[in-house]
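Reading through the structure tokens given below for one structure.
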Amino acid sequence: MSVQVVSAAAPAKVPEVELKDLSPSEAEPQLGLSTAAVGAMAPPAGGGDPEAPAPAAERPPAPGPGSGPAAALSPAAGKVPQASAMKRSDPHHQHQRHRDGGEGLVSPDGTVTEAPRTVKKIQFADQKQEFNKRPTKIGRRSLSRSISQSSTDSYSSAASYTDSSDDETSPRDKQQKNSKGSSDFCVKNIKQAEFGRREIEIAEQEMPALMALRKRAQGEKPLAGAKIVGCTHITAQTAAQAGFPVFAWKGESEDDFWWCIDRCVNVEGWQPNMILDDGGDLTHWIYKKYPNMFKKIKGIVEESVTGVHRLYQLSKAGKLCVPAMNVNDSVTKQKFDNLYCCRESILDGLKRTTDMMFGGKQVVVCGYGEVGKGCCAALKAMGSIVYVTEIDPICALQAWSRSSALREQRLSEKLKFRIPVEIVTGDALSERTSNKNVVTREHLDRMKNSCIVCNMGHSNTEIDVASLRTPELTWERVRSQVDHVIWPDGKRIVLLAEGRLLNLSCSTVPTFVLSITATTQALALIELYNAPEGRYKQDVYLLPKKMDEYVASLHLPTFDAHLTELTDEQAKYLGLNKNGPFKPNYYR
């Protein structure tokens, strides 16, 4: 079995620092901030990279006491000579600190003389970057992109700022080899492979089902002969096992993203026969550039709302030429990844980016699908007052019924009188399809000052960020993944991750939940690859319910849980097999 995986991220630029001597009376040093962007993809099979590092090794360190703008400065640049470091010729002299913070020398007769000092002023070359400025480096610039391209006409944001980094060289321009001498990969720093392996080992402890499936597959080898090309979010949880080429790095530009995909597909002597996709980008690229490849591809496994939506569009148009498995709508994916993963990760993302307190805040959640339910549960538990907008009467009724703290209404009505809304999070309008322009420019214009806007839907189109890229609005980068968008009257909103998926851009997601999703994807690949001729037509299929239940059963031992078995009489009464499946295929 050979696998190719793709993912993405972008190199950062260190601001130029100019030191000027100033007298003590001149202004205090001024500090500026730079920014970063995130994207994700995967690569082709072949020679492989047995030490391909997990992207966790590429992640910037979590904010801590040493982080922030000052931490980006070298010790030398931030060093200020102190009077206390001067030699004292008179042993009777002693130091005395002035009330204004300076130091002085006190003579035996009580006379205080201020010690001479030199102050360095730190200036960044471009302390304030205007909206319409763009990086001067042509081609592979450090531009942010959506985690997954949501549609062919989606807006790909191009920020004119990057995070600080000691290495501005694009991974595409580096000549790297792993310990086996192979260069069939492209990551930011192959020297981090050992660290990445440790990250993967930690993740494996929280992925019991995937590890159980891998152990079983070592004997049965259900994917022997499979050549899988994949495009997904590359993290320690999704990292390929050593031996597979990976093309991914944090901060990929739009051009980098598609280059990585093409590098995985367009390789001499390489013909994939299975596609593992997340968002439909890889499938779209092959259809667009290499349609003849589908003659040897046996199936597609897709796990995202957006990607599934694309597959159904292809099927409806009669353009889907291979069977596809819709993993997104499996029960384990919906009830765990969409619901519980978002319930835990939304607070993590908001805390890391805004340091806010949730108690008493008014929150609008657009959509009460599985993602919306998870977000509402987390925010309500923290003491927030939660409002829900919906188009589906069933979901709206659920929102009303769950708690009096959930109030279903139109977003435009919530903003009608500029009621203080602290957070607006755009979720997919239902659990089945993502949408575009859920939060429009009109909504954004009517929001109160300092409203926080973020997206928990899969794509980057729920919030109309493109409408904010206009000359009359000023963008100010506050920190990585946090922008202030400022109106002419001074009102500003806080936009997180430029409208991309909050939890993947600004936080982490529970490893245990990813174990469920990854196991489901693996079973779907095995099913399509080994299916006899004619079982699956050129259409989109749901994962068989028996496999859905098998994924759940593999995780139960973690909690020392044991299932009750039906008696023969009970099974006959219910019309079920004692071993399942216990739910019909239409059950959600």
Side-chain angles (χ1 to χ4, degrees), residues 147-148 150-151 278-280 302-313 326-347 349-350 363-381 384 386-403 405-411 414 423-440 443 453-463 499-504 509-510 513-514 516-517 520 540 542-543 548 583 586-588:
I147 291 296
S148 182
S150 60
S151 64
D278 184 353
E302 173 59 58
E303 75 114 354
S304 76
V305 174
T306 305
V308 166
H309 184 56
R310 284 178 167 183
L311 288 175
Y312 280 120
Q313 287 179 326
N326 170 6
V327 170
N328 177 74
D329 288 316
S330 63
V331 177
T332 45
K333 171 67 164 60
Q334 286 287 318
K335 300 297 182 184
F336 292 90
D337 195 332
N338 291 18
L339 177 61
Y340 299 120
C341 176
C342 293
R343 187 181 68 179
E344 297 198 15
S345 60
I346 185 173
L347 299 181
L350 287 170
V363 181
V364 176
V365 176
C366 302
Y368 201 65
E370 297 302 324
V371 172
K373 290 179 175 70
C375 293
C376 287
L379 293 164
K380 177 178 173 293
S384 300
V386 182
Y387 298 82
V388 175
T389 69
E390 253 299 345
I391 60 167
D392 186 332
I394 296 176
C395 292
L397 186 60
Q398 285 181 308
W400 272 109
S401 304
R402 291 291 172 91
S403 170
L406 296 180
R407 310 170 187 182
E408 196 280 331
Q409 62 181 225
R410 295 183 181 91
L411 179 58
K414 183 70 182 75
I423 306 171
V424 174
T425 172
D427 175 26
L429 290 183
S430 72
E431 62 254 40
R432 289 191 58 83
T433 55
S434 292
N435 208 330
K436 65 186 300 183
N437 296 344
V438 178
V439 180
T440 67
H443 295 140
V453 183
C454 61
N455 178 24
M456 285 294 288
H458 180 83
S459 65
N460 68 328
T461 57
E462 274 94 356
I463 301 170
R500 300 184 304 274
L501 190 54
L502 176 72
N503 56 1
L504 289 179
V509 293
V513 171
L514 290 180
I516 296 172
T517 303
T520 305
V540 184
L542 292 172
L543 188 74
D548 226 348
K583 295 289 191 296
Y586 57 80
Y587 172 74
R588 287 292 169 272

How close do [X] and [Y] get, heavy atom to heavy atom, and via which atoms?
{"X": "Tyr587", "Y": "Val331", "answer": "O-CG2, 3.6 Å"}
{"X": "Ile463", "Y": "Gly499", "answer": "CD1-CA, 4.4 Å"}
{"X": "Gly279", "Y": "Thr306", "answer": "O-CG2, 4.2 Å"}
{"X": "Val386", "Y": "Cys376", "answer": "CG1-SG, 3.7 Å"}
{"X": "Ala377", "Y": "Arg343", "answer": "CB-CD, 4.0 Å"}
{"X": "Pro510", "Y": "Glu344", "answer": "CG-OE1, 3.7 Å"}

(message) Assess, by modelled atom type and distance only, whether the side chains of Thr440 and His443 contain a donor and an acceptor separated by less than 3.5 Å.
(response)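 Distance-only check passes for Thr440 and His443.
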(message) So if I apply the side chain to side chain contact (heavy atoms under 4.5 Å, CB included) rule between Leu350 and each of Asn503, Leu502, Val363, which one comes out positive?
(response)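 In the set Asn503, Leu502, Val363, the residue that makes a side chain to side chain contact (heavy atoms under 4.5 Å, CB included) with Leu350 is Leu502.
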(message) Please identify which of these residues, Val365, Leu379, Val371, meets the side chain to side chain contact (heavy atoms under 4.5 Å, CB included) condition with Ile346.
(response)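 With Ile346 as partner, Val365, Leu379, Val371 yield a single side chain to side chain contact (heavy atoms under 4.5 Å, CB included), made by Leu379.
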(message) Between Asp278 (side chain only) and Glu303 (backbone N and O only), is there a donor and an acceptor less than 3.5 Å apart?
(response)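 No, Asp278 side chain to Glu303 backbone: no donor-acceptor pair under 3.5 Å.
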Reported [atom1]-to-[atom2] distance for the pair [X] and [Y], which is rounded to 0.5 angstrom:
{"X": "Asn326", "Y": "His309", "atom1": "CG", "atom2": "NE2", "value": "12.5 Å"}
{"X": "Leu397", "Y": "Tyr368", "atom1": "CG", "atom2": "OH", "value": "10.5 Å"}
{"X": "Ser330", "Y": "Lys335", "atom1": "OG", "atom2": "NZ", "value": "11.5 Å"}
{"X": "Asp329", "Y": "Leu542", "atom1": "CG", "atom2": "CG", "value": "6.0 Å"}
{"X": "Cys341", "Y": "Met456", "atom1": "SG", "atom2": "CE", "value": "7.0 Å"}
{"X": "Asp548", "Y": "Thr332", "atom1": "CG", "atom2": "OG1", "value": "4.0 Å"}

Going by heavy atoms in the side chains, are [X] and [Y] under 4.5 Å from each other?
{"X": "Lys373", "Y": "Gln398", "value": "yes"}
{"X": "Leu311", "Y": "Glu302", "value": "yes"}
{"X": "Gln334", "Y": "Asn328", "value": "yes"}
{"X": "Asp337", "Y": "Ile516", "value": "no"}

